[in-house]
Amino acid sequence: MDIFDFFLRSREAQRALTEARSRLYRVAYSWCHNAALADDLVQDALTKALRKSSQLRDPKARDAWLFSILANCYRDHFRKRRDMDDIDELEISLEETPESESGRSEIIDKVRAAIGRLSQGQRQVVTLVDIEGFSYVEVAQILDVPIGTVMSRLCRARAAMKDMLLPELQQNAAATNRGMLRRVK
Amino acid sequence: MNKETRFSDEFLNAFVDNQLDPQEKGRAYAEISQDERLNRRVCELRKLHDLVQLAYRDVPAPPARTNTPAARRNRLGFGAAAAVVLAVGIVLGIQVKLPVAVQQQATNNGAPAASTVPATSAAVRVPSQHRAGRAPAASRSVAAVLPTAGPAVPPVAVAIEEPKLPPAGEPRSINDVHIGNVRNKVLIHIAHDDPLRLAQALEEIEGLMRYYRDTRQSAHVEVVINGRGLELVRVDTSVHAAQIARLQMEYDNLTFAACQNTIDRLKREQGITARLLPGVVVTDSGMAEIMRRQHQGWTYLQV
């Protein structure tokens with residue numbers, strides 16, 4: 001029966017890694033705004049994770065470990081193709097669709113565009129903290145930078161996003177309020 | 001030192017992200033709640049945090065994987081194991097000497113010569129719960145060392161390939177449907193059970209498919225069914241089963257996708273287990289599928 005136990009354990013670990021795929025993909029997409037590239041990065045990261053799974057000693061640290069592999073794949077991708085891809089010129093999906101005409105989607109497009117205009121480091125920190133809810137310490141481990149750098153990048157990222165997003169949202173809110181008042185009269 | 005300078009941006013960000021220790025947070029909370037300007041700054045940071053979460057709650061689905069470098073590496077990596085599995089399977093199954101043809105195939109795949117694999121009477125089975133599990137996009141393999149009876153017999157590397165598709169009888173996922181690079185991509189949404197409109201809708205779909213075929217245009221039409229529309233594709237309620245089967249037989253670029261949320265709701269609220277017509281695939285959420293497709297540039301039509 002030992003061999004079946006081995007299969008079960010091994011498959012359990014593989015299933016856990018596969019379940020992490022959608023979370024990795026969401027973050028990878030937020031970094032590059034390119035579905036095909038994000039999928040390739042996640043595939044690469046999971047392949048490496050499966051290969052190195054024996055190196056993971058503490059299962060609680062699995063998430064941070066997986067995202068650190070993803071961050072390495074992302075960095076390697078641009079290191080290898082430095083002469084071909086410019087991170088600041090990555091396409092950001094803002095194509096017009098019927099759905100994008102609704103208010104919610106318009107906000108989503110604007111937020112994604114704002115994230116796309118941040119520097120690579122700031123973008124990674126803000127998405128890891130806001131989308132995945134990692135602590136500053138975990139983000140520092142994932143990106144292999146000091147925690148002070150995480151805090152300052154986050155601070156600058158949010159300040160830039162505030163300048164890009166909040167004035168417009170406040171204007172929209174004010175316009176909506178004016179509309180409501182006219183209807184009341 | 002006034003509050004504005006003491007509460008730096010870094011500190012307020014840490015406050016919003018719950019990164020302060022409880023005592024520090026308690027003190028900060030008391031002071032922030034008494035100061036309107038600090039309160040506003042905290043509100044703005046929380047709003048930004050929520051906006052980023054909202055922006056990436058639904059992201060475009062990844063394109064269908066075909067021949068990426070990672071996938072190629074995977075296949076190469078498992079190629080040898082797959083070849084050995086083939087050899088071992090034949091040895092275990094018929095318990096005769098390995099045919100020459102298999103030896104050649106294993107050698108062609110870059111595996112060690114099949115003649116090095118010893119014959120053994122041990123039967124290796126995959127537990128049924130694994131076979132029934134959800135099939136991933138890429139096939140997974142498990143390699144293990146099989147203990148053998150005789151000391152002189154070397155261990156055998158065994159790899160078990162999972163089937164790429166779920167067993168027959170289970171609906172496939174929409175992710176299993178391959179949609180190539182086609183020119184016309186149309187999504188038709190059905191969410192009601194009015195018999196007259198359903199009949200008309202199927203006629204319209206058939207007319208559309210015929211038009212694309214006759215004009216030799218590459219096209220894929222996906223019919224997303226949710227809410228009360230699910231009756232159209234349930235075995236026990238559909239009055240159009242034959243027509244749907246014929247359409248699917250005739251046009252391989254037509255997909256019927258039922259909403260998993262609706263199926264779950266039916267089970268939860270009415271205790272009905274929906275059995276879908278053959279060939280109908282499921283999508284996690286009808287609404288999410290519609291949004292995904294629209295992001296990918298599909299034309300949306302509601303019946």
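Each chain gets a letter, A, B and so on, in the order its sequence line appears, and its residues count up from 1.
- A side-chain donor-acceptor contact under 3.5 Å links A:R26 to the backbone of B:Y56.
- Here the CG-NZ distance, from A:L165 to B:K47, works out to 10.5 Å after rounding to the nearest 0.5 Å.
- Contact annotation: the side chain of A:M161 approaches that of B:V52 to within less than 4.5 Å [non-hydrogen atoms, C-beta and beyond].
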Intermediate values then yes/no, side-chain contact (heavy atoms from CB on, under 4.5 Å), A:H33 and B:V59: CA-CA 9 Å; A:H33 287 173; B:V59 290; over 6 Å; no
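- Residues A:I107 and B:L51 are in side-chain contact: their nearest non-hydrogen atoms beyond the backbone lie under 4.5 Å apart.
- Using a 4.5 Å heavy-atom threshold, the side chains of A:R158 and B:H49 count as touching.
- Of all residues spanning residues 135-146 of chain A, those with a heavy atom less than 4.5 Å away from chain B's heavy atoms are A:S135, A:Y136, arranged by number.
- Other residues, nucleotides and ligands place more than 12 heavy atoms under 6.0 Å from the CD atom of B:E24.
- Here the shortest heavy-atom pairing between A:I108 and B:A55 reads CG2-O, 3.7 Å.
- If you take CG on B:D17 and CG on A:D130, they are separated by 6.5 Å, rounding to the nearest 0.5 Å.
- Per-residue counts of heavy-atom pairs under 4.5 Å with chain A were compared for B:N13, B:N18, B:D50, B:L45; the largest is that of B:N13.
- Distance check, rounded to the nearest 0.5 Å: CD of B:E44 to CG of A:L166 gives 5.5 Å.
- Summarising the geometry of A:Y25 relative to B:P62, their closest heavy-atom pair is OH-N, 3.3 Å, with the distance given to 0.1 Å.
- One finds the CG atom of B:L48 at 9.5 Å from the CE atom of A:M164 (value rounded to the nearest 0.5 Å).
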Intermediate values then yes/no, side-chain contact (heavy atoms from CB on, under 4.5 Å), B:Q19 and A:M151: CA-CA 11 Å; B:Q19 299 294 307; A:M151 291 176 76; over 6 Å; no
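- Applying the salt bridge (Lys or Arg N to Asp or Glu O under 4.0 Å) rule to A:R75 yields no partners; only residues at least two apart in sequence or on another chain are considered.
- Taking CZ from A:R156 and CG from B:D9, the interatomic distance works out to 11.5 Å, rounded to the nearest 0.5 Å.
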